[in-house]
Amino acid sequence: MRRPFIAGNWKMHLDRGGAVALAAGIARRAAEFPSVDLAVCPPFVYLDAVGAAIAGSSLGLGAQNMCAEPQGAFTGEISAAMLTNVGCKYVILGHSERRAIYKESNADVNRKLLAALAAQLTPIVCVGELLSEREAGRTKEVVAEQFAGSFAGVSAEQMVRCVIAYEPVWAIGTGKVATPEQAEEVHRDLRGLIEVRYNSGIADQIRIQYGGSVKPDNAKSLLSQPNIDGALVGGASLKVDDFLGIAAGAQS
Ligand code: PEP
């Protein structure tokens, strides 16, 4: 049985006070959702303060990106060890904004993934097609290519420590949510790819989140699909009630 996992990607929003208040507001009520794992992923500069605000609660801390290199002359970068040092358990990798704006390739995501695993972080690896790719009937192929490239060289023992987020790019921040059936189809395909590469036992364990305009009013219909194990939430993660409204949709 896979435990639902709802993570908030705060992107480049909030100031220090707002980040701490949001985190504390979620942490205070996190115990109302005992059957769901919850995490927030604030900007790097607020990780420490948010970590302090959620200490002692069941809310997990994650980062939105990291450097593949362990240390050294990489101006402006943050290593996996730095993330664990400030209390991160999770790191989002290969978000579509990083792929599109910063030109991160599957090979880049793969290097970061291996570094995150080596540092005992739980990576949340994002995959998903563009609208033009969906319209050309290439969704399955694109997602399979992202999976193969991003997870190259990942052992079975490492794979079970990963989370995948299926985020159709056309649904991110647009208010256009994939239908539960559209999302479920891709989640099923992804689990099939894991089964082919590893085995069915491993495929059954991996949590696959859906991301793309998830809100409290559409969460339950998405999260009740058999292969949708949680959500990676952008906009709706910036309000305590909205984020926890989504968590309520995952609560059994
Ligand atoms: C995201 O950025 O990962 C995301 C899913 O954003 P939104 O929920 O705003 O569509």
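First listed ligand is number 1; within each ligand, the first listed atom is number 1. All residue numbers refer to positions in the sequence shown, counting from 1.
Closest to atom 1 (C) of ligand 1 among all protein heavy atoms lies H95 NE2, 3.2 Å. E167 OE2, 2.7 Å is the protein heavy atom nearest to atom 3 (O) of ligand 1. Considering only non-hydrogen protein atoms, atom 2 (O) of ligand 1 sits nearest to K11 NZ, 2.5 Å.
A salt bridge links D241 and R29; the closest N-O separation between the charged side-chain nitrogens and carboxylate oxygens is under 4.0 Å. A salt bridge between D108 and K103 is absent, with no side-chain N of the basic residue lying under 4.0 Å from a carboxylate O of the acidic one. Contact check on R188 versus E185 returns no salt bridge, with no Lys/Arg side-chain nitrogen under 4.0 Å from an Asp/Glu carboxylate oxygen.
Under 3.5 Å, the side chains of E167 and S96 contain no donor-acceptor pair of N or O atoms. For N227 and E184, the side-chain atoms include at least one donor-acceptor pair closer than 3.5 Å.
The distance criterion of under 3.5 Å between nitrogen or oxygen atoms is met by G235 with respect to ligand 1. Looking at ligand 1, you won't find any N or O of K215 less than 3.5 Å from one of its N or O atoms.
Contact atoms of ligand 1 toward N9: 2 (O), 3 (O) (distance under 4.0 Å to a heavy atom of the residue). Counting atoms of ligand 1 from 1 in the listed order, those under 4.0 Å from a heavy atom of A171 are 10 (O). For ligand 1 and G212, the ligand atoms under 4.0 Å from any heavy atom of the residue are 5 (C), 10 (O).
In the candidate list A231, G173, G234, G173 is nearest to atom 10 (O) of ligand 1, counting heavy atoms.
Annotation: Y90 is in aromatic contact with F5 [ring centroid separation under 6.0 Å].
With Y166 as the fixed residue, the side chain to side chain donor-acceptor pair (under 3.5 Å) test singles out one of H187, Q209, E129: E129.
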